[in-house]
Protein chains: 2
Amino acid sequence: MSGSIRLLIADDEHLIRGALVALLNLEPDIEVVASADNGVTAVEQAIATVPDVCLLDLEMPHADGLEAAARILAAVPTRVVIVTRHARPGVLRRALASKVSGFVPKSTPAEDLAHVIRDVAAGRRYIDPEIAATALTAERCPLTDRELDALRFSRSTTSVQQIAERLHLAQGTVRNYLSSAMTKLDASSRHEAAEKAWQQGWI
Amino acid sequence: MSGSIRLLIADDEHLIRGALVALLNLEPDIEVVASADNGVTAVEQAIATVPDVCLLDLEMPHADGLEAAARILAAVPTRVVIVTRHARPGVLRRALASKVSGFVPKSTPAEDLAHVIRDVAAGRRYIDPEIAATALTAERCPLTDRELDALRFSRSTTSVQQIAERLHLAQGTVRNYLSSAMTKLDASSRHEAAEKAWQQGWI
DNA sequence: GCCGGACCATGACAAATGTCACTGGCCTAG
DNA sequence: CTAGGCCAGTGACATTTGTCATGGTCCGGC
């Protein structure tokens, strides 16, 4: 009947996914109609079942929560709530840009989650106030495009040499970008700078 | 009555803890009698309630799962199951050394968890076969004590200088240990080496 | 037009990091 | 006892990394 909220749950950790299904199925007005362990099958299931609300973990293999959210919202008339362990300000920004309706950290009390889902199903939005506050106080990214490029690669590759090759630049240039980024982010090594930029959700 | 298993749950993420409580309370023969969000209160609760089984997350603030397990087992006649996200071989070894009865990753299917708890409550042991296999095939730590010392600090401090001061050694010596560790672990920077050692549970 | 500012790009230099060859102490096997 | 292996510890050397000064290009404002 019309009062029952049809829910999709996606989380790559089987134990947590199962526990969430159990928790939310206890609510009389919520019915879990699909679950997935990665972004790609989440999209498929969403298209197949057309749930009222999709609860997506941000950290998932193949396609992360944001990508899955974008694809689902483009294909199906539904609403999306993102759940995440590390709430990075920049990610919230991007999530809102792709019309996500809810954003909660995994530190949320379990009892509150059902409230959030009901709110979102009713067409309202819910953003965790803590994350919203940090996202608003956090100044915008001070890094230039090329600095971001260099930092991105610097997370995966070992040497400046390799980064330079990928970007088709001289080694000195790359070092320069990284150095500049380090100054702006007040870091003392490029790994630290990359880490900080990642925590802010800038890369 | 005698068939009901009294359970303690400790996990620092509120959402997951709540969901696990809901999931396991659904089992007719399991009763969750305590829950905690860090290692220290887990120990306190265990002493206060004397549960049959304690389900401890490995990654927790204040005292991690292993430390909490050791303290609980020293104080109360109970059994411990460790749950973890990253199953590192060395950690399993240490867990077994401190008489833990169960060890499961968070990728375990939710339905299996109740089985594990029943097994452990009945005095049996349960080790995730996947982790057990890697722990057995993984060769023993090839690093020397001082190399491990250096690597430990290298995770938190930035410069060799600082590590040298903490260990009361010359910079060259520290570099040497790190270099040696890097060779043994086939890493190309000390951060990578520290990371690998950590993943193996050696530090 | 042309000036100032922001970004891209480079090479030279200094400081750090990683490699190597070496010494000395301790233990064990022969 | 002593030769050889293993580990702690060190300094010299080459490579990598981070900093700096500089030049070029594109843009918006005066």
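Quick caveat, the model's predicted, so the values are computed rather than measured. Proteins come first, then strands; the chains are lettered A, B, ... in the order of their sequence lines, and each starts at number 1.
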* Structure fact -> Nearest-nucleotide check on DNA chain C, His168(A) vs Lys184(A); residue mapping nearer the 5' end is Lys184(A)
* Asked: Any Lys/Arg nitrogen of Arg79(A) or Asp52(A) sitting under 4.0 Å from an Asp/Glu carboxylate oxygen of the other?
  -> no
* Structure fact -> Testing dG18(C), dA9(C), dT10(D) for proximity to the side chain of Tyr177(A), the answer is dA9(C)
* To do: Would you kindly give the CG-to-C1' distance between Asn176(A) and dC8(C), to the nearest whole Å?
  => 9 Å
* What integer distance in Å separates Gln161(A):CD from dT17(D):P? -> 9 Å
* To do: For Arg190(A) and dT16(D), give me the distance from atom CZ to atom P, rounded to whole Å.
  => 12 Å
* To do: Measure from CD on Glu147(B) to C1' on dA8(D) and round the result to the nearest Å.
  => 10 Å
* **Main-chain N/O of Leu169(B) paired with Thr173(B) side-chain donor or acceptor, under 3.5 Å** => no
* To do: Report the distance from atom NE2 of His191(B) to atom P of dT16(D), rounded to the nearest whole Å.
  => 18 Å
* Asked: How is Ser188(A) classified with respect to the nucleic acid when contacts are heavy atoms under 4.0 Å: base, sugar-phosphate, or nothing?
  -> nothing
* Asked: Under 4.0 angstrom, heavy atoms only, what part of the nucleic acid is Leu178(A) near: base, sugar-phosphate, or nothing?
  -> nothing
* **Between dG11(C) (P) and Leu169(A) (CG): distance, integer Å** => 11 Å
* Asked: So does Arg124(A) pair up with Asp119(A), basic N to acidic O under 4.0 Å?
  -> yes
* Does Thr144(A) put a side-chain nitrogen or oxygen below 4.0 Å from OP1 or OP2 of dC8(C)? -> yes
* Among the nucleotides dT19(D), dA8(D), dG11(D), which one has an atom lying closest to any side-chain atom of Asp145(B)? -> dA8(D)
* Structure fact -> Considering only heavy side-chain atoms of Arg175(B), the closest of dA12(D), dA21(C), dA9(C) is dA12(D)
* Asked: In whole angstroms, how far is the C1' atom of dG18(D) from the CD atom of Glu192(A)?
  -> 14 Å
* Mind checking Ser179(A) for me? I need base, sugar-phosphate or nothing, with any heavy atom below 4.0 Å counting as a touch. => base
* Test: Glu13(B) and Arg17(B) ion pair at under 4.0 Å -> no
* To do: Give one of base, sugar-phosphate or nothing for Thr183(A), where a contact means two heavy atoms less than 4.0 Å apart.
  => nothing
* **Gln171(B) CD to dC13(D) C1', straight-line distance once rounded to whole Å** => 15 Å
* Asked: Between Thr173(B) and dA8(D), does any side-chain N or O lie under 4.0 Å from OP1 or OP2?
  -> no
* Does Arg175(B) use its side chain to pair, donor to acceptor, with the backbone of Ala170(B) at less than 3.5 Å? -> no
* Asked: Counting side-chain heavy atoms from C-beta on, which of dA8(D), dA12(D), dG18(D) comes nearest to Arg146(B)?
  -> dA8(D)
